[in-house]
Protein chains: 2
Amino acid sequence: MNVDAILQRVRTAGLKLTPQRVAIVQELVQDPTHPTAQELYERLRRAQPTMSFATVYNTLDALAAAGLCSSLALSPGASRFDANMAPHDHLVCDGCGLVRDVHRMVGKAAEALPPPPTDGFQVRAVEQIYRGLCADCARITEPTGRLARPRSETPAQR
Amino acid sequence: MNVDAILQRVRTAGLKLTPQRVAIVQELVQDPTHPTAQELYERLRRAQPTMSFATVYNTLDALAAAGLCSSLALSPGASRFDANMAPHDHLVCDGCGLVRDVHRMVGKAAEALPPPPTDGFQVRAVEQIYRGLCADCARITEPTGRLARPRSETPAQR
DNA sequence: ATGAGTGCAAATGCTTTGCATCCTG
DNA sequence: CAGGATGCAAAGCATTTGCACTCAT
């Protein structure tokens with residue numbers, strides 16, 4: 001979905017269209033790396049020096065509540081935000097923290113997904129996370145399978 | 001898996017068997033609610049007043065590194081720990097934060113899971129999260145589908 | 001006896017909050 | 001022009017770290 005379409009939907013959702021929100025939406029939409037709120041804040045601050053944490057968090061929460069982006073808890077620490085609202089899953093590298101989208105499988109695999117609801121639990125969404133090592137981290141991994149690099153380094157941005 | 005079997009494995013993994021670790025393992029194994037490190041600390045402190053944050057975190061990390069428990073990032077904020085190492089998935093209530101295990105589907109559904117690896121990414125584990133509302137939260141939800149209760153209340157313990 | 005493990009407290013990192021001010025609709 | 005949104009700074013949690021001390025092996 002493009003920026004204008006989302007901004008339109010922001011208004012439709014009853015949210016005011018401020019310059020800050022426009023900037024946040026633009027940045028989020030054109031970034032496929034699932035940035036954290038902090039990362040967005042750092043970047044946006046360059047163009048708009050008065051941009052504040054609170055605004056970034058407020059806006060991301062408002063967008064998520066309106067169903068215009070989603071907040072991902074893929075690893076401990078910071079939440080990541082994703083403007084891609086098409087059904088898809090995530091590839092998370094245990095080595096560098098890289099997060100990448102994968103298209104959800106179609107056909108019989110996809111049909112198999114929704115589980116038998118248990119005890120009146122209403123399932124609204126099924127999230128799948130594939131954890132492992134990206135090509136780069138796999139290369140520097142010892143034969144034992146242990147990580148050669150601690151897990152907490154700055155996530156790679158591609 | 002029972003407590004003694006795990007303690008045996010802790011030793012096998014080259015970890016020393018301290019009273020603190022025994023207490024942490026016991027507490028974690030008998031608790032199916034996927035407690036956070038803080039929750040474990042609060043409970044354990046009653047029996048062992050000198051128990052510290054650092055020890056709880058160190059031990060949980062060591063257990064996870066040895067493959068004896070897993071650390072779950074199911075929602076923003078605190079990680080949850082799970083001593084159940086059999087393949088299974090999680091039901092997470094968006095209303096109260098409740099986390100419950102669900103047995104992984106077998107047969108054709110299970111076979112469908114591992115995705116086509118992308119670009120040399122080595123998949124080590126597939127995690128599935130079913131998000132929605134537990135029976136209790138569904139009951140107090142407005143017809144619109146919006147939560148009647150804010151999402152950040154104390155997670156229910158069952 | 002030796003080094004892994006512990007306890008304490010302070011530090012760090014992410015996120016939320018309170019409140020006065022601003023500006024979109 | 002009213003109420004939502006913003007900016008700033010401080011507070012709130014979860015987690016990590018440094019270091020001296022202890023104890024399991």
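Proteins get letters first, then strands, A, B, ... in listed order; numbering begins at 1 in each.
Rounded to whole Å, the distance from CZ on B/F53 to P on C/dA10 is 13 Å. Between A/M51 atom CE and C/dC22 atom C1' there is a gap of 15 Å when expressed in whole angstrom units. When the P atom of C/dG13 is taken as reference, atom CZ of A/R80 falls 16 Å away, rounded to whole Å. Residue A/L72 contributes atom CG, which lies 16 Å from atom C1' of C/dC14 at whole-angstrom precision. One atom, OH of A/Y41, and another, P of C/dC14, lie 13 Å apart when rounded to the nearest Å. Between B/L44 atom CG and C/dG5 atom P the separation is 18 Å, expressed in whole Å. One atom, CZ of B/R45, and another, P of C/dT6, lie 17 Å apart when rounded to the nearest Å. For the pair B/L60 CG and C/dT6 C1', the interatomic distance rounds to 15 Å; values are reported in whole Å.
Residue A/R11 places its side chain closer to C/dG25 than to any other of C/dG25, D/dG7, C/dT16. When each of D/dT15, C/dT16, C/dT6 is scored by its nearest atom to the side-chain atoms of B/N58, the top-ranked nucleotide is C/dT6. Among C/dT6, D/dT15, D/dT6, the nucleotide with an atom closest to any side-chain atom of B/T55 is C/dT6.
Between B/F53 and B/Y57, the ring-plane angle classifies as tilted under the 30° and 60° cut-offs.
By the 4.5 Å heavy-atom criterion applied to side chains, A/E27 and A/P35 are not counted as neighbours. Within the 4.5 Å cutoff, side-chain heavy atoms of A/D101 are placed close to those of A/D82. Within the 4.5 Å cutoff, the side chain of A/C69 has heavy atoms near those of the A/L28 side chain.
At least one side-chain nitrogen or oxygen of A/S79 sits closer than 4.0 Å to the OP1 or OP2 atom of C/dT15. In this model, the phosphate group of D/dC8 is not approached by any side-chain N or O of A/S52 to a distance below 4.0 Å at OP1 or OP2. Phosphate contact (OP1/OP2 of D/dT16, side-chain N/O of B/Y57, threshold under 4.0 Å): absent.
In this structure B/R45 satisfies the salt bridge (Lys or Arg N to Asp or Glu O under 4.0 Å) test together with B/E42, sequence neighbours excluded.
Contact check of residues 14-24 of chain A against DNA chain C (heavy atom, cut-off under 4.0 Å) returns A/K16, A/L17.
Cluster annotation: A/V10 and A/M85 are assigned to distinct hydrophobic clusters (Ile/Leu/Val/Met/Phe/Trp/Tyr, side-chain heavy-atom contacts under 4.5 Å, transitive).
For the residue pair B/N84 / B/H34, no side-chain donor-acceptor distance below 3.5 Å is found, with atom types taken as modelled.
Across all strands, B/A78 comes closer than 4.0 Å only to sugar-phosphate atoms, never to a base (heavy-atom distances).
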